[in-house]
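Structure record follows, encoded as C-alpha cells.
In what follows, every heavy atom counts, from backbone to side chain, and hydrogens, waters and symmetry copies are set aside.
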Amino acid sequence: ISAVEIAVWAILGQALGVPIYKLLGGAARKRIRLYKDVGGATTEQLVESFVQAKAEGYSAAKSSFVTVENDLVVPSFAVREGAKKLEAVRKAVGEDFDICIDAHGQLTTVMAIDFCTRIEELRPFFVEEATQLEDLGELELLRANTKVPLATGERSFTKYGFTDFCSRHLVNYVQPDVCHAG
C-alpha cells in the first residue's frame with residue numbers, strides 16, 4: 001500500500017510540476033537535524049566512522065554496537081564488547097556528540113537490560129530496536145529497568161501498530177518507516 005501511495009504522489013507531483021512536499025502542505029521548517037548512519041565491525045572502525053561523521057559536520061551518528069561473531073550473538077560477549085565499543089566512541093567524539101545505537105532486535109530482553117544499564121552513564125541518544133517489537137511485554141520490562149532513551153517503529157506497518165507502545169510510553173522516539181507505514 002505504501003509503495004502505491006508513494007507512486008501516486010510522485011506521479012501527481014510530476015504531472016503538476018510541483019515538489020511533493022508542496023502537495024503535502026509546504027515546508028514545515030527551513031532546516032532539520034540529521035544523523036549519519038555509519039558502520040564498523042571493530043572498535044577502531046567504529047571510532048573512525050564516528051569521528052569522520054563529526055568532521056563532516058554531523059552532531060549525531062548511528063551504528064550497531066552489538067558484536068556478532070560468525071552470525072552468532074554470544075550474550076555476555078556481545079553486551080560486554082558493545083559497551084566497550086560505545087565507551088571508546090564516546091571518548092573519541094566527546095560529550096556533545098549524540099551517539100545512536102541500532103540493536104536490530106538482536107538482543108534478548110535480558111541482554112537488552114544488561115546492555116542498556118551498562119551504557120547509561122555514556123548517555124546514548126537512543127537505543128533502537130533493543131527488543132523484538134512483537135512482544136511489548138519485553139519492551140515494557142526493558143523500559144522499567146533502564147533510563148536509556150529507547151526507539152522503535154520501523155517494523156510497524158499501520159497506525160494500529162504504534163498505538164500500544166505509544167499509549168504506554170514505552171519508547172522515547174517513534175521511528176515509522178514511510179515505505180512500510182504509508
Side-chain angles (χ1 to χ4, degrees), residues 34-56 58-157 161-162 164-177 180:
L34 301 173
Y35 62 76
K36 184 175 184 179
D37 202 349
V38 299
T42 68
T43 302
E44 294 77 22
Q45 291 168 336
L46 271 173
V47 167
E48 183 179 321
S49 294
F50 275 84
V51 168
Q52 177 65 34
K54 185 174 180 179
E56 292 171 0
Y58 289 92
S59 60
K62 179 175 89 169
S63 190
S64 175
F65 285 78
V66 177
T67 302
V68 178
E69 295 287 329
N70 300 321
D71 294 326
L72 181 65
V73 178
V74 179
S76 59
F77 178 76
V79 168
R80 183 179 63 248
E81 291 304 308
K84 284 181 184 177
K85 288 177 181 179
L86 179 58
E87 185 175 14
V89 169
R90 171 58 69 213
K91 185 176 181 183
V93 297
E95 295 295 319
D96 296 325
F97 190 88
D98 286 326
I99 301 171
C100 309
I101 301 167
D102 191 347
H104 300 288
Q106 293 178 315
L107 304 174
T108 66
T109 305
V110 172
M111 289 173 65
I113 292 169
D114 187 13
F115 181 69
C116 288
T117 55
R118 282 182 191 234
I119 65 170
E120 284 178 350
E121 67 185 36
L122 298 170
R123 297 180 303 86
F125 192 69
F126 60 71
V127 175
E128 178 182 346
E129 293 187 341
T131 62
Q132 293 296 320
L133 185 58
E134 295 79 15
D135 185 346
L136 290 182
E138 291 180 358
L139 189 56
E140 186 172 34
L141 183 60
L142 176 59
R143 171 75 295 144
N145 283 284
T146 186
K147 294 181 274 184
V148 168
L150 301 173
T152 198
E154 67 183 21
R155 290 188 275 169
S156 286
F157 302 116
F162 291 90
D164 281 342
F165 65 82
C166 287
S167 66
R168 293 163 60 185
H169 308 285
L170 299 179
V171 296
N172 303 82
Y173 299 98
V174 176
Q175 299 172 305
D177 183 333
H180 295 149

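Applying the ring-ring contact (aromatic ring centres under 6.0 Å, His included) rule to Phe162 yields the partners Phe165; only residues at least two apart in sequence or on another chain are considered. Checked against side-chain contact (heavy atoms from CB on, under 4.5 Å), Asn172 has the following partners two or more places apart in sequence or in another chain: Arg143, Pro149, Leu150. Partners of Glu140 under the side chain to side chain donor-acceptor pair (under 3.5 Å) rule, at least two apart in sequence or in another chain, are Arg168. Shown here are the ring-ring contact (aromatic ring centres under 6.0 Å, His included) partners of Phe115, two or more places apart in sequence or in another chain: there are none. Residues passing the side-chain contact (heavy atoms from CB on, under 4.5 Å) test with Ala151, sequence neighbours excluded: Phe126, Glu128, Tyr173, Gln175.
Between the side chain of Lys36 and the backbone N or O of Ala53, no donor-acceptor pair lies under 3.5 Å. When atom types are taken as modelled, the side chain of Arg90 and the backbone of Arg123 share a donor-acceptor pair closer than 3.5 angstrom. Side-chain atoms of Thr131 never come within 3.5 Å of backbone atoms of Thr109 as a donor-acceptor pair (strictly under, hydrogens ignored).
Below 30°, between 30° and 60°, or above 60°: for Phe50 and Phe97 the angle between ring planes is above 60°, a perpendicular geometry.
Taking the side chain as every heavy atom from C-beta outward, Val110 and Pro75 never approach each other to under 4.5 Å. Between Asp37 and Asp102 the shortest side-chain heavy-atom distance does not fall below 4.5 Å. Side-chain atoms of Glu120 and Thr117, non-hydrogen and from C-beta on, do get closer than 4.5 Å to each other. No side-chain heavy atom of Cys116 sits less than 4.5 Å from a side-chain heavy atom of Asn145.
Under a cut-off of 6.0 angstrom, the local environment of CD in Glu121 is sparse, with at most 12 non-hydrogen atoms contributed by other residues, nucleotides or ligands.
Annotation for Ser49 and Val38: closest pair CB-CB, 3.6 Å, computed over non-hydrogen atoms. Taking every heavy atom of both residues into account, Lys54 and Val93 meet most closely at NZ-O, 2.6 Å. Of all the heavy atoms in Ala130 and Ala103, the pair that sits closest is CA-CB, 3.9 Å. Closest non-hydrogen pair, Leu46 versus Gly40, comes out as CG-O, 3.4 Å.
Expressed to the nearest 0.5 Å, how far CG of Asp164 lies from CG of Leu136 amounts to 5.5 Å. With values rounded to the nearest 0.5 angstrom, Glu134 atom CD is found 11.0 Å from Leu139 atom CG. With values rounded to the nearest 0.5 angstrom, Met111 atom CE is found 5.5 Å from Thr108 atom OG1. From Phe65, atom CZ reaches atom CD1 of Ile119 across 8.5 Å, with rounding to the nearest 0.5 Å.
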Side-chain donor-acceptor distances from residues 80-88 under 3.5 Å, at least two apart:
from: Lys85; atom 1: NZ; to: Ala41; atom 2: O; distance (Å): 2.7
from: Lys85; atom 1: NZ; to: Thr67; atom 2: OG1; distance (Å): 3.2

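Side-chain contact of Gln52 with Glu48: a donor-acceptor pair under 3.5 Å is absent, judged by distance alone.
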